[in-house]
**Q** 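Before I ask anything, let me first share the structure, which is written out below as structure tokens.
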Amino acid sequence: MPRLSERQQYLRQRLKSTAIATKAIRSGTQAGVEQEHNDAIYATSSFIYGSAAEAAACFSGETEGNIYSRFTNPTVRTFEQRMAAMEGGERAVAASSGMAALTSIFLGHLKQGDHIVSSCSIFGSIVGLFDNILAKLGITTTYVSPSDINAWQAAIKPHTKVLFLESPSNPLGEVGDILALSKLAHSHGALLVVDNCFCTPVLQSPLALGADIVMHSATKYLDGQGRCVGGVAIGSEVLMEPIFSFLRTAGTTMSPFNAWVFINGLETLSLRMQAHCQSALALAQWLENQPQVEKVYYTGLPSHAQHQLAQQQQRGFGGVVSFEIKGDKGAAWRCIDSTQLLSITGNFGDAKSTITHPATTTHGKMTPQARELAGIKDNLIRVSVGLEDYQDIKDDLAQALSTL
Ligand SMILES: *Cc1c(COP(=O)(O)O)cnc(C)c1O
């Protein structure tokens with residue numbers, strides 16, 4: 001591995017005490033080893049050694065070094081070190097997608113007979129992972145309402161090993177109490193795993209609140225421009241090792257190119273999140289006063305059921321606003337179809353504002369009963385507020401609402 005110059009070593013030390021915006025731009029970088037200013041993409045599957053003895057030492061783990069890009073790669077390592085610094089964890093493990101990160105977390109840590117207590121308001125594919133894949137291996141899951149701490153407690157069994165929370169949730173912004181859940185998990189010898197996609201490390205630090213593992217779909221805000229699919233888990237060295245061990249064997253590895261895109265995406269994350277939050281709050285406040293709107297879901301509004309808790313554990317409320325219109329599914333579709341600027345897509349966290357009808361897209365696979373239980377009504381619309389000028393986003397929604 002290239003030796004760090006004195007200047008680089010000084011920077012590494014200094015970064016431990018800098019603000020998150022600085023960490024997002026400077027930490028983990030390998031740049032400067034040659035003379036480049038930006039991180040290079042290490043587009044290589046394998047690595048060479050000066051001698052057979054050097055190769056043997058590296059393969060045996062006696063010396064540190066790269067062997068094969070399914071295991072480690074310098075560009076991927078930069079992304080991992082940057083994410084670890086931003087989340088305040090010892091180590092991060094990057095994966096080929098958010099789902100690959102989750103699969104690696106659960107299969108790295110759990111075995112047959114183990115039990116998960118999970119929030120019922122989680123990303124749809126994770127329900128598929130729990131109910132179709134982990135269930136087949138004898139790992140069972142009980143679902144509870146994220147904000148009902150008594151329900152979490154009641155669902156815990158002697159063999160419960162993980163509590164899983166997404167907070168705030170999609171699309172209604174339900175908030176789980178990370179500090180309380182971490183205490184509950186630890187009093188039963190279980191781990192708290194938190195999906196931090198909606199806040200990003202800029203707005204919420206689950207590890208500092210007591211969570212054991214944080215995960216992200218890098219596909220969303222970390223990229224920020226909807227270019228690549230990726231994921232990452234962050235936590236202590238001890239908790240990351242089994243995840244890495246699973247990943248290097250299962251091959252759920254992040255590609256160096258994607259890591260490079262995410263490294264560059266992270267450089268603007270702090271500024272982007274500030275802008276997303278500002279426009280989303282303004283839009284939520286405006287929507288609350290529109291005659292065609294029945295109810296607005298945004299944790300930044302005092303009308304949100306968990307506004308106070310969100311204010312306590314988050315540093316901002318994020319860029320996703322959902323609202324119910326006065327009308328049925330047909331009216332919701334008409335409103336969506338009448339937008340001209342917003343993109344009709346289920347993705348979020350992009351510079352481009354997006355609009356979607358959760359009941360028939362992101363949550364379309366749920367049974368109508370499960371959807372009703374989750375509070376996802378046919379008149380619900382979700383907007384991921386992007387980085388276009390706020391006035392233009394609002395004007396587009398205003399003309400769409402006027403068709404109702
Ligand atoms: C998208 C998403 C995931 C899954 O990530 P992929 O990169 O699509 O595999 C997990 N959790 C949340 C909250 C998401 O939005």
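We use all heavy atoms of the structure for the numbers below, so side chains are in, but hydrogens, waters and symmetry mates are not. In each ligand, atom 1 is the first atom listed, and ligand 1 is the first ligand listed.
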**Q** Would you indicate whether the side-chain heavy atoms of L269 and M86 approach each other to under 4.5 Å?
**A** yes
**Q** Give me the ring orientation class for W333 and H357: parallel if the planes are under 30° apart, tilted from 30 to 60°, perpendicular past 60°.
**A** perpendicular
**Q** Can you sort out which atoms of ligand 1 are near E166, meaning under 4.0 Å from one of its heavy atoms?
**A** 13 (C)
**Q** Would you say T219 and S217 are linked by a side-chain donor-acceptor pair, where the criterion is simply a distance under 3.5 Å?
**A** yes
**Q** So which of T142, L102, I116 actually passes side chain to side chain contact (heavy atoms under 4.5 Å, CB included) with F130?
**A** I116
**Q** Should you measure from each heavy atom of G98, which atoms of ligand 1 turn up under 4.0 Å away?
**A** 5 (O), 6 (P), 7 (O), 9 (O)
**Q** Would G230 count as a contact residue for ligand 1, given that I'm defining contact as a non-hydrogen atom of the residue lying under 4.0 Å from a ligand atom?
**A** yes
**Q** With R77 as the cation and Y42 as the aromatic partner, state whether NZ or CZ is under 6.0 Å from the six-membered ring centre and within 45° of the axis.
**A** no
**Q** Can you figure out which of M215, H216, K220 has its heavy atom closest to atom 14 (C) of ligand 1?
**A** K220
**Q** If you have a sec, work out which protein heavy atom is nearest atom 4 (C) of ligand 1 and how many Å separate them, to one decimal?
**A** F123 CE2, 3.4 Å
**Q** Around atom 8 (O) of ligand 1, find the nearest protein heavy atom and jot down its residue, atom name and distance.
**A** S217 OG, 4.1 Å
**Q** Report, in ascending order of atom number, the atoms of ligand 1 lying under 4.0 Å from any heavy atom of C197.
**A** 11 (N), 12 (C), 13 (C), 14 (C)
**Q** For residues T22 and R26, is any side-chain donor paired with an opposing acceptor at under 3.5 Å?
**A** no
**Q** Could you list the atoms of ligand 1 found under 4.0 angstrom from a heavy atom of F348?
**A** 15 (O)
**Q** What protein heavy atom is closest to atom 9 (O) of ligand 1, reported as residue, atom name and distance in Å?
**A** M99 N, 2.8 Å
**Q** Which is closest to atom 13 (C) of ligand 1 by heavy-atom distance: N170, D195, V232, L102?
**A** D195
**Q** Ring centroids only, cut at 6.0 angstrom: are H307 and F317 within range, meaning strictly under it?
**A** yes
